[in-house]
Amino acid sequence: MLLSLIYLIAISAEAMTGALSAGRRRMDLFGVVIIACVTALGGGSLRDIVLGHYPLGWVKHPEYLGFTICAALIATWVARWMHHFRRTFLVLDGLGLICFTLIGCAVARDAGHAAPIVLISGMLTGAFGGVLRDVLCNEVPLIFQKELYAVITLFTGAAYLGLLELGVSINAATLWCLGGGFLLRLLAIHFKWEMPKFVYRDEVH
Amino acid sequence: MLLSLIYLIAISAEAMTGALSAGRRRMDLFGVVIIACVTALGGGSLRDIVLGHYPLGWVKHPEYLGFTICAALIATWVARWMHHFRRTFLVLDGLGLICFTLIGCAVARDAGHAAPIVLISGMLTGAFGGVLRDVLCNEVPLIFQKELYAVITLFTGAAYLGLLELGVSINAATLWCLGGGFLLRLLAIHFKWEMPKFVYRDEVH
Amino acid sequence: MLLSLIYLIAISAEAMTGALSAGRRRMDLFGVVIIACVTALGGGSLRDIVLGHYPLGWVKHPEYLGFTICAALIATWVARWMHHFRRTFLVLDGLGLICFTLIGCAVARDAGHAAPIVLISGMLTGAFGGVLRDVLCNEVPLIFQKELYAVITLFTGAAYLGLLELGVSINAATLWCLGGGFLLRLLAIHFKWEMPKFVYRDEVH
């Protein structure tokens with residue numbers, strides 16, 4: 001199935017962003033591999049823990065772990081040429097974001113959850129691997145400050161639910177949302193779309 | 001029921017403290033909403049995950065999410081006048097702390113856990129939303145350093161268990177502990193009561 | 001049973017490292033106790049949550065909490081003489097690392113998980129209490145940067161599984177791995193063995 005192939009590309013791309021983050025904090029190879037696994041598989045794990053959906057994906061399919069570990073080690077090796085692939089990399093990361101989101105939505109919908117929980121499940125799966133990565137690297141999570149990223153998971157999830165509601169088949173809805181969400185992310189990167197920032201200075205606490 | 005009403009006030013107050021924390025880190029509106037939800041609902045979620053108590057509260061009642069999101073957006077809007085309400089705000093936050101604590105104790109007690117676990121369940125529910133908020137905002141959790149805050153959850157939980165043990169009805173015990181814990185928090189704010197600090201300098205590691 | 005005794009020594013030693021970390025961040029006694037409990041019991045809790053293995057160890061045996069709390073309070077009291085015991089302390093911490101790892105491997109193996117999950121269960125149990133401690137203290141986790149520490153959990157777990165596969169009894173395998181892993185950790189400390197570091201500077205994100 002197409003989504004499975006994209007899923008493998010997605011966890012590889014996410015593992016590589018994790019490995020590079022770890023490299024920026026001068027971690028050793030063990031830290032690199034852990035951060036890569038958390039980035040690639042942490043969002044889905046968090047979703048499964050929040051929804052009580054056991055066993056976690058990688059516990060059931062340990063081969064995903066092998067995949068992310070290989071991707072992380074390759075990233076440390078090709079890092080010196082990484083700036084040449086910057087664009088490719090952003091594109092793969094965007095594809096991963098949407099793919100993770102749709103998987104997260106499908107998991108929650110199959111478990112019979114209400115629409116808001118389906119959207120949150122998509123968001124947790126798509127965007128929270130990066131949040132866990134940033135927490136472990138001791139940084140304020142990027143997705144809370146950067147251009148449109150996590151919000152796209154909500155749009156994608158809403159479109160997915162809407163299409164299914166309209167009677168579109170699951171495969172068609174998945175493909176449309178994959179294309180649409182991915183396009184939205186590319187546009188957000190290209191035009192540097194941002195959410196309004198909220199800046200608060202007074203020390204109320 | 002009274003506790004339900006106070007619970008809604010509590011998650012609103014906690015959502016607002018979360019939103020202001022996010023504003024101090026210059027997050028975008030998405031980040032503000034996420035931090036607000038984590039602050040308001042994260043303590044109870046952590047409790048439910050630790051106790052294996054599924055589904056989580058907001059997964060069962062997604063309307064709580066709507067509530068916290070509204071409170072967060074209102075906070076960004078009234079932030080400029082927030083310093084006028086500083087006192088109101090601290091009072092609501094204190095009320096929320098005690099209300100969360102009593103809910104946490106009741107959940108663990110109903111599940112048949114031993115007294116120490118009931119106290120910890122109250123503490124996780126009452127104080128750990130703020131810990132998760134601080135971790136995501138990349139700060140050392142305030143409650144580990146500030147005046148009497150989290151310790152009050154333990155006193156409140158112990159009083160609750162003690163009253164029930166003495167044969168007091170659940171409703172009466174809840175009201176007494178709500179009043180007593182709240183008063184204790186107000187006194188702690190007013191007199192700046194603090195736990196002794198432990199300062200360690202030598203680099204043993 | 002020997003492992004139980006070593007387990008109590010291990011959670012005490014880990015609680016003490018947690019308490020000292022908290023002291024370095026000028027936390028109050030409440031923060032010290034929380035960080036100590038998270039350091040000592042957080043790895044096993046994370047493992048149980050990831051594997052869906054309820055109830056968590058300390059929820060079933062609240063006496064472990066009493067143990068870690070006492071160890072934390074003792075640590076604040078003897079902290080001024082701590083540098084005299086630096087070596088003893090590192091040794092106990094190393095013993096704890098291996099003991100936790102073997103317990104984590106045994107739990108996952110008893111639950112029928114595949115070999116990679118057994119290794120990860122050992123690693124989470126052995127090394128992630130320290131990761132949670134560092135996240136709560138707002139530091140980049142030490143084990144991602146320091147000398148051979150977490151990797152030893154993988155070697156120990158692999159040796160444990162290998163010996164069981166060869167028909168060695170569980171008790172014998174546990175003892176051999178306890179001794180071997182502990183020796184490896186002492187050698188790593190003595191010779192300052194390190195994993196290769198991955199340093200990445202270019203801002204690809």
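Throughout, a chain's letter reflects where its sequence line sits, starting with A, and its residues are numbered from 1. Note that these values count all heavy atoms, side chains included, but never hydrogens, waters or copies made by symmetry.
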Q: Tell me, yes or no, whether the heavy-atom count around Phe155(B) atom CZ, taken from other residues, nucleotides or ligands under 6.0 Å, exceeds 12.
A: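 At most 12 heavy atoms, drawn from other residues, nucleotides or ligands, come within 6.0 Å of this atom.
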Q: Give, for atom CG of Asp134(A) and atom CG of Leu136(B), the distance between the pair rounded to the nearest 0.5 Å.
A: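 Atom-to-atom, Asp134(A):CG and Leu136(B):CG are 10.0 Å apart.
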**Q.** Value rounded to 0.5 Å, distance of NZ in Lys60(B) from CD1 in Ile117(A)
**A.**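 Rounded to the nearest 0.5 Å, the NZ-CD1 separation comes out at 12.5 Å.
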Q) With under 30° as parallel and over 60° as perpendicular, where do the rings of Phe30(B) and Phe144(A) fit, or are they tilted in between? A)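 Rings of Phe30(B) and Phe144(A): tilted, as their planes differ by 30° to 60°.
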**Q.** Leu65(B) portion near chain A, given a 4.5 angstrom heavy-atom threshold
**A.**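 For Leu65(B), side-chain heavy atoms alone lie under 4.5 Å from chain A.
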Q) For Val59(B), is it the side chain, the backbone, both or neither that has a heavy atom under 4.5 Å from a heavy atom of chain A? A)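 Interface part for Val59(B): both.
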Q) Between Val50(A) and chain B, which part of the residue has a heavy atom less than 4.5 Å away: side chain, backbone, both or neither? A)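 Contact with chain B involves both backbone and side-chain atoms of Val50(A).
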Q: Could you tell me which portion of Ile49(A) (side chain, backbone, both or neither) has an atom closer than 4.5 angstrom to a non-hydrogen atom of chain B?
A: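 Its backbone and side chain both get close to chain B.
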Q. Which atoms form the tightest heavy-atom contact between Cys137(B) and Val140(A), and what is the distance?
A.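 In this case the closest contact between Cys137(B) and Val140(A) is O-CG2, 3.9 Å.
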Q.
I need the residue from Ile34(B), Thr76(B), Asp48(B) with the largest number of non-hydrogen atom pairs under 4.5 Å to chain A.
A.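 Highest number of heavy-atom pairs under 4.5 Å: Thr76(B).
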